Amino acid sequence: MVRARIERVDVRRPDLRRAFPERFAERLAGRRVEALTRRAKYLLASLSSGETLLVHLGMSGWFRVERDGPAARTGTDQASGEPPQAAREPHDHVVFHMSSGKAVVFNDPRRFGMMDLAPTADLNAHPALSGLGPEPLSADFDAAALARACRGKKTSLKAALLDQRVVAGLGNIYASEALHVAGLSPGRRASTLATPTGAPREAAVRLAAAIKRVLESAVARQSGPLYRDSRFLVYDREDERCLKRKCSGTIRRRTQGGRSTFYCPVCQR
DNA sequence: ATTGAGACCTGTCGGC
DNA sequence: TGCCGACAGGTCTCAA
């Protein structure tokens, strides 16, 4: 998509988790994609119009790229005069017809995804982005930042890691994984990461490092959110042996905030 | 203000 | 074999 022009957008289902913005397809048509970036779990495509397209994949959303015919891009078939019907899969909700001759197709069975448009100049004012905490792999995120964000929090460590204001981009699976790597119990109070003045305790140092390690490893494997994937250390491993060296524990599962948490009660304290 | 529970959605899976 | 309820994920909304 980068440096290509969006020639036309087909919105086949405008009702993802939230309604699409006004005149969505019209505001995209004819615009060049200047760059693709990311903030937390949002994909960002900055456009030549001065607007940025925000996309969240939700749970089950994904893109695929297909070759596209010229007729499909302009929306009329010269021969028949009928709109061309490309092969579509179930749950293909949005199709971007690009000047490069590619069709970029957004498919999302559960429709937890979302798309929106916002002025690039005020992008951080968008409600989805305005409250986000630091990027976990950036220098802005360290033990001090984590401790500061958790200071005085009565909620659990697991809930704190899922709070995007504390650190942006961790989901349920990697929250469990990071707590395991750090050797911290998911039920422990978030406030215990900080001294009363907000300075980081040793647990904050371990957890910040564990978050970075877990995410870097996931990116290196190009591991998408393939839950039920056997490569996780604790996630979806209830009743299995703890994989930590010399730990004799058994992985347990409990519910926190309506979400499953997996952990080892022996090596996570 | 902070925290937690419920809602949204649908494919998959376990149990009957 | 077929049906059905429970469950999974991320984020927003509402209530305590």
Side-chain angles (χ1 to χ4, degrees), chain A residues 11-21 38-44 54-64 88-94 106-116 118 123-133 135-136 146-179 186-194 196 198 211 214-215 218 223-232 234-240 251-263:
Chain A
V11 178
R12 306 174 78 244
R13 263 204 94 141
D15 55 336
L16 300 183
R17 189 161 57 81
R18 308 189 67 88
F20 279 50
R38 178 195 60 78
R39 174 75 169 109
K41 297 170 190 166
Y42 293 89
L43 309 175
L44 306 171
L54 291 84
V55 179
H56 197 298
L57 298 177
M59 235 284 286
S60 54
W62 61 292
F63 283 100
R64 69 176 192 276
R88 290 293 163 241
E89 305 288 332
H91 313 300
D92 283 352
H93 302 316
V94 184
F106 178 73
N107 181 288
D108 184 7
R110 296 185 197 177
R111 308 212 320 276
F112 266 31
M114 80 88 139
M115 293 194 190
D116 202 359
L123 193 56
N124 288 330
H126 189 280
L129 307 182
S130 61
L132 291 174
E135 285 292 322
L146 180 59
R148 220 179 306 125
C150 288
R151 178 183 175 189
K153 270 193 174 293
K154 290 178 166 39
T155 192
S156 67
L157 274 183
K158 171 70 176 339
L161 292 188
L162 289 180
D163 184 343
Q164 304 294 298
R165 295 170 300 182
V166 172
V167 55
L170 273 187
N172 194 46
I173 295 172
Y174 291 117
S176 279
E177 295 292 290
L179 287 167
R188 177 172 163 154
R189 272 198 183 205
S191 60
T192 63
L193 293 187
I211 288 167
V214 160
L215 291 180
S223 163
L226 302 170
Y227 53 97
R228 300 185 182 280
D229 185 317
S230 62
R231 287 172 297 182
F232 297 119
V234 287
Y235 183 80
D236 207 25
R237 284 190 182 274
E238 186 180 20
D239 294 334
E240 294 182 35
I251 306 306
R252 298 291 180 215
R253 169 208 196 125
R254 59 181 282 205
T255 298
Q256 286 179 295
R259 294 269 109 92
S260 285
T261 298
F262 296 86
Y263 67 106

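All values derive from a computational prediction rather than experimental measurement. Residue numbers start from 1 in every chain, and the chains themselves are labelled A, B, ... in the order their sequence lines are given, proteins ahead of strands.
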Is there a side chain to side chain contact (heavy atoms under 4.5 Å, CB included) between Thr155(A) and Asp163(A) once you walk through the steps?
CA-CA 10 Å; Thr155(A) 192; Asp163(A) 184 343; over 6 Å; no

Give each protein N/O atom lying under 3.5 Å from an N/O atom of nucleotides 2-5 of chain B, with the pair distance.
{"residue": "dT3(B)", "atom": "OP1", "partner": "Lys154(A)", "partner atom": "N", "Å": "2.7"}
{"residue": "dT3(B)", "atom": "OP2", "partner": "Lys153(A)", "partner atom": "NZ", "Å": "3.1"}
{"residue": "dG4(B)", "atom": "OP2", "partner": "Thr155(A)", "partner atom": "OG1", "Å": "2.8"}

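- The aromatic rings of His56(A) and Tyr42(A) sit perpendicular to each other, their planes meeting at more than 60°, with 30° as the lower class boundary.
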Met115(A) and Val55(A): CA distance, side-chain angles, deciding distance, side chain to side chain contact (heavy atoms under 4.5 Å, CB included) verdict:
CA-CA 5 Å; Met115(A) 293 194 190; Val55(A) 179; 4.1 Å; yes

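- Residue Phe112(A) places its side chain closer to dC9(B) than to any other of dT13(C), dG11(B), dC9(B).
- Among dC9(B), dG10(C), dC12(C), the nucleotide with an atom closest to any side-chain atom of His56(A) is dG10(C).
- Counting to the nearest Å, the C1' atom of dT11(C) and the CG atom of Leu16(A) are 14 Å from each other.
- Here the P atom of nucleotide dC9(B) and the CG atom of Asn107(A) are 17 Å apart, to the nearest Å.
- The listed nucleotides are dT13(C), dT10(B), dT11(C); the one nearest the side chain of Arg18(A) is dT13(C).
- When the side-chain nitrogen and oxygen atoms of Tyr235(A) are compared with OP1 and OP2 of dG9(C), one or more of them lie within a distance under 4.0 Å.
- Using a 4.0 Å heavy-atom distance criterion, Ser260(A) is classed as a sugar-phosphate-only contact.
- Within the 4.5 Å cutoff, side-chain heavy atoms of Arg259(A) are placed close to those of Lys158(A).
- Taking atom CG of Asn172(A) as the reference point, atom P of dT11(C) lies 11 Å away to the nearest angstrom.
- The main-chain N or O of Gly133(A) is never found under 3.5 Å from a side-chain atom of Gln164(A) such that the two would form a donor-acceptor pair.
- At whole-Å resolution of the value, CG in Leu57(A) and C1' in dG10(C) are 11 Å apart.
- Protein atom CZ of Arg259(A) is 14 Å distant from nucleotide atom C1' of dA6(C), rounded to whole Å.
- Rounded to whole Å, atom P of dC12(C) lies 17 Å from atom CE of Met59(A).
- Asp92(A) is linked by a side-chain hydrogen bond (donor to acceptor under 3.5 Å, both in side chains) to Arg64(A), Asn107(A), counting only residues two or more places apart in sequence or in another chain.
- Rounded to an integer number of Å, the gap from Gln164(A) CD to dC12(C) C1' is 13 Å.
- One can place CE of Met114(A) at 16 Å from P of dC9(B), the figure rounded to the nearest angstrom.
- Here the rule is side chain to side chain contact (heavy atoms under 4.5 Å, CB included) with Ile251(A), and of Tyr235(A), Tyr263(A), Phe262(A) only Phe262(A) fits it.
- For His91(A), no side-chain nitrogen or oxygen approaches OP1 or OP2 of dT10(B) to under 4.0 Å.
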